[in-house]
Structure formats: structure tokens, C-alpha cells
Amino acid sequence: MANEWATFGADLHLELRGPRLRAGLMDALREAVRSGRLAAGTRLPSSRSLAADLGMARNTVADAYAELVAEGWLTARQGSGTRVAARAEPRPPARPSPASSPALSLPRPAPPTHNLKAGTPDLASFPRAEWLTAYRRALTAAPNEAFGYGDPRGRIELRGALADYLARARGVHARPERIVVCAGFVHGLMLIGQVLRNRGVREVAVESYGLGLHTGLLTGAGLGTPVLPYDERGTRVEELSWPGPVGAVLMTAAHQFPLGGALPPDRRSAVVDWARASGGFVLEDDYDGEFRYDRQPVGALQGLDPERVVYFGTASKSLAPGLRLAWMVLPESLAGEVAATKGAVDWSSGAPDQLAFAEFLRSGAYDRHVRAMRLRYRRRRDQLVTAVAAHSPDTRVSGIAAGLHAVLALPPGTEQAVLRSAAWHGLAVQGVNQFRRPTVPATLDGLVVGYATPTDSAWQGALRSLCRVLP
Ligand SMILES: Cc1ncc(COP(=O)(O)O)c(C=O)c1O
């Protein structure tokens, strides 16, 4: 029975907060007994196993148990472990919330206080005033036809501004007529998936680690997603062969998501050579290309062959995902079909936002914002590296100094325990294995730490919380 034995820390539903770990654990246990969640007679986990689950020293748990025995909340008897004491006064019965089923009312970790999940920039830094200025200017200057249905590729003002910006900042060969504005990378990938499938492509190869959302979009378009193997130098693109069913390969070449490496030059050439030889395409997801901290960003792969690489960029990391603004730079052979497919489904991004973004780019506000965010994220990454080195000599920050997330390589076999401990400490963070494709063997243990996600005021607390759960 659930109230007989609480084997794991995860069954205890303890809300642990603050640096006073022993006092915090005692408060949490008292509260669990007082509220009836831990019934009289319930056997508690051994101090060793609770300490492992909570990421604490065993002595801390043993001391907390001993004090609670002394206070009369718990009993400890040789051979029967530590149990909740039978108390004289009646306790209010535990009241399950009306919405919870019996299974859901089982103890669970508290909702997270700190968020270090990768995927979002610091939303508090969205440049509201500068965006408003750009919006006002853009709307004032907009011709009346801008409020009509327009071109499914997107506003020409934006495509022109993007072509200039991408050539300058990312080495992309872009002409406005080859650009299609879309509502996020996901929208662009969906459109490309549809076009490739209509052309008879059966498979799009993907990296060993990545977002399931993206492979899901490809499978939704009726495409298979074979996985390219990974080694210490990155994705083994030399495994691509032809002829065969693979018509394209989806890659995060500048900064592999989530593992964090940059594709080495010989493999960059090799994947483009494969596309040329096979008539296939490289789908280059350049999601955070502007953020490199140790050197100038490496130019986009697309520059090597604009007719074989589809370049995808997004404002989701540099500005905000809520804008839903992204862009594709297409080979000539795909541009018409992609625009037609987009037009047949939806026109997506609204004209006022596109005009505002065009003005934002042209006025230099985008460059200023990216520069400021680069400094801020670089500082956070440096603080993360220093804190990890000081608190956890067994943990290594891997990957290049780039982007909005870092991978902390953990000692083998420890990822699950660290994630459990993080949950108990109110820290939302993901493990690398949550991004591993199902057919790829588990060989890495690590955390994917999104250091851009917290606001400035929450960052130091999130970092301290992270250090507490590292081995
Ligand atoms: C690997 C990767 N690609 C692309 C994106 C951007 O997606 P979208 O433009 O749809 O917001 C993200 C955002 O989290 C990402 O992690």
C-alpha cells in the first residue's frame, strides 16, 4: 500500500527550498506528516537513498531523521527502519484536490521555481521601445496595398532587408525573390517537407540528437527520417549515400542542437558534395547563428552552394519566439513551389509585423539588439562555466562557446539521478537523452542548460540551484 512504504524520495513530495537543506528537509517532512500525506507507520526511504534522490549529503538526511525522531514525528527501530510515528492528536484527513485522480494525487515534486530549459531567449529583454518605434515608422510609411493579401513569399520590404542582412552577417547568398517569410522555422520545415514529398522524396535524414517536434513535422508530411550517426567530431555526413531514398538532410551545422558542436570544415564540404552528387538538398537550420562568443561566427553552409542548400533563419532566438517570424532562402529550383505551397495553405506572417521587422533591420536596431544580447549571454555562459568548475569538478562544459544553451557532460550513468534531484530542487532542466532519437544508443550523459531563459533577476538563483544538483 502506498502509505506503508515510501521507497523513493520522489514518493515523498517534499518541497525543498533555500540553502538550509537540513532545516528545509525537516520542515518538509513535518508538513507531510501534519497534512496526513505521510500516514502513521509509513516507512521512510533509507537516508542513503533519500540523499541520492535529493542530491544531498547522506549525513544531512540522517541528522534530519534523528532530530525528527527526537521531536516525536518519526520513530527509528533496529530492523524496521525509520517510520512516521503514531501521533496522539487527530490529524485532518488528507484532502485530495477535486481535479486529481488517485494516481495524480500521489506525491510529486513541486512545480519548478527556476527554468533552465533550452529554447527561449530572455523574454524580459525584448526591445519593446525600439520595436514600437519601428512599428510606428513602418505603419506610417506603409502604402494602402500593404493591408491587402499580398505576396505569399512575404513583404518585399522585409525580403530586401533580410537579403542584405543575411549576406552581411551570415554569408548567405540571398536575393529577395528567393526568400520566403514564414511563421517560425517549424512552418518553413513543414512547407519544405510537403514540397519534397510532392516531388517524390521518401526520406529526409536527421542528426542523432535534435527536437522530436522537427522529425514529427517531417513524418507528418509522409517522409521517413533515417538517423545519421554521430561521433566526437559531429554528425557523420559521410554515411550519406546515393542513389537511395534520402532526398535531403536536416542539419544544425553552425551549432548542433543540442550537443553544441560546430560541423568541421571537411564535413561541411562533404555534405554539400553529397547534395550535388545526389541531387538532394541540405536543410540548414541556422537557429542561433548570430551568437558566437569566442570568434566571428562561421558563415552559413548555404554560401557553399545556394542551389543545394535551403537556409532557414528565425527571430525566435535573436528577438522572441512569440513574433513567429522566420525566413527561408531557397534554391531557384524550389522557390516557386515553396511559395505556391505556402499560398495554397496560408499567408501566415502579418504584413504589419513584417514591415516593422524590415524597419528594425534597416535602422540598425536589430544589430544593436543582437550585440547587446550577445554580451549578456556571453557573460552568463562565462558565469556558468566558472560556477560548474568550482562546484562540480566531475562535470565538463562541452560544445563551442555559442548560442543560448550549453551542454554539461556528466559522469556516465548519472543523468537520471541529476534530473530527479533537479526536479526536487524546483529546477526545470533537460537531459541530453531527451533529445536522442529513439534508435540511437544511449552513450552520453549530460544536461542541456538554457542559460538565456531566466530573466536577469532570476539568473543567479537558477545558477545556484543548478550547482546544488550537480554531482
Ligand atoms: C534547433 C532549433 N531550430 C529552430 C528553432 C526555432 O524554431 P521556431 O523558429 O519555429 O521558433 C529552435 C527553437 O527552439 C531550435 O531549438
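All ligand and atom numbering here is 1-based and tracks the order in the structure. Since this is a predicted model, take the numbers as computed values, not measurements.
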Note to self: Just to verify, what does Phe291 make a ring-ring contact (aromatic ring centres under 6.0 Å, His included) with, not counting sequence neighbours?
What the structure shows: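 Partners of Phe291 under the ring-ring contact (aromatic ring centres under 6.0 Å, His included) test: Tyr377.
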Item checked: Presence of salt bridge, Asp273 and Arg276, under 4.0 angstrom ->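 Salt bridge present between Arg276 and Asp273.
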May I have a table of the N/O to N/O pairs between ligand 1 and the protein that fall below 3.5 Å, each row giving the two atom names and the distance to 0.1 Å?
from: ligand 1; atom 1: 3 (N); to: Asp285; atom 2: OD1; distance (Å): 3.3
from: ligand 1; atom 1: 3 (N); to: Asp285; atom 2: OD2; distance (Å): 2.6
from: ligand 1; atom 1: 9 (O); to: Phe185; atom 2: N; distance (Å): 2.7
from: ligand 1; atom 1: 9 (O); to: Thr314; atom 2: OG1; distance (Å): 2.7
from: ligand 1; atom 1: 9 (O); to: Ser316; atom 2: OG; distance (Å): 3.2
from: ligand 1; atom 1: 10 (O); to: Phe185; atom 2: N; distance (Å): 3.1
from: ligand 1; atom 1: 10 (O); to: Val186; atom 2: N; distance (Å): 3.2
from: ligand 1; atom 1: 10 (O); to: Arg324; atom 2: NH2; distance (Å): 2.9
from: ligand 1; atom 1: 11 (O); to: Ser316; atom 2: OG; distance (Å): 2.6
from: ligand 1; atom 1: 11 (O); to: Arg324; atom 2: NH1; distance (Å): 2.9
from: ligand 1; atom 1: 14 (O); to: Lys317; atom 2: NZ; distance (Å): 3.0

Note to self: I'd like to know whether Trp459 forms a side-chain hydrogen bond (donor to acceptor under 3.5 Å, both in side chains) with Gln383, so could you lay out the CA-CA distance, the side-chain angles of the two residues, the decisive distance to 0.1 Å, and finally the verdict.
What the structure shows: CA-CA 10 Å; Trp459 163 241; Gln383 288 168 351; 2.6 Å; yes
Notebook entry, point to check: If you look only at pairs with a residue in residues 434-445, which of them pass as a side-chain hydrogen bond (donor to acceptor under 3.5 Å, both in side chains), with sequence neighbours excluded?
Noted result: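 Every pair satisfying side-chain hydrogen bond (donor to acceptor under 3.5 Å, both in side chains) with a residue in residues 434-445: Asn433-Arg436.
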Next item on the list: With sequence neighbours left out, write down each residue that passes side-chain contact (heavy atoms from CB on, under 4.5 Å) with Pro321, or none if nothing qualifies.
Entry: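 Checked Pro321 against side-chain contact (heavy atoms from CB on, under 4.5 Å); matches are Thr120, Pro121, Leu123, Ser316, Arg324.
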Next item on the list: Please determine if Arg308 forms a cation-pi arrangement with Phe281, meaning its NZ or CZ atom is less than 6.0 Å from the six-membered ring centre and no more than 45° off the ring axis.
Entry: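 Geometry flag: set, cation within 6.0 Å and 45°.
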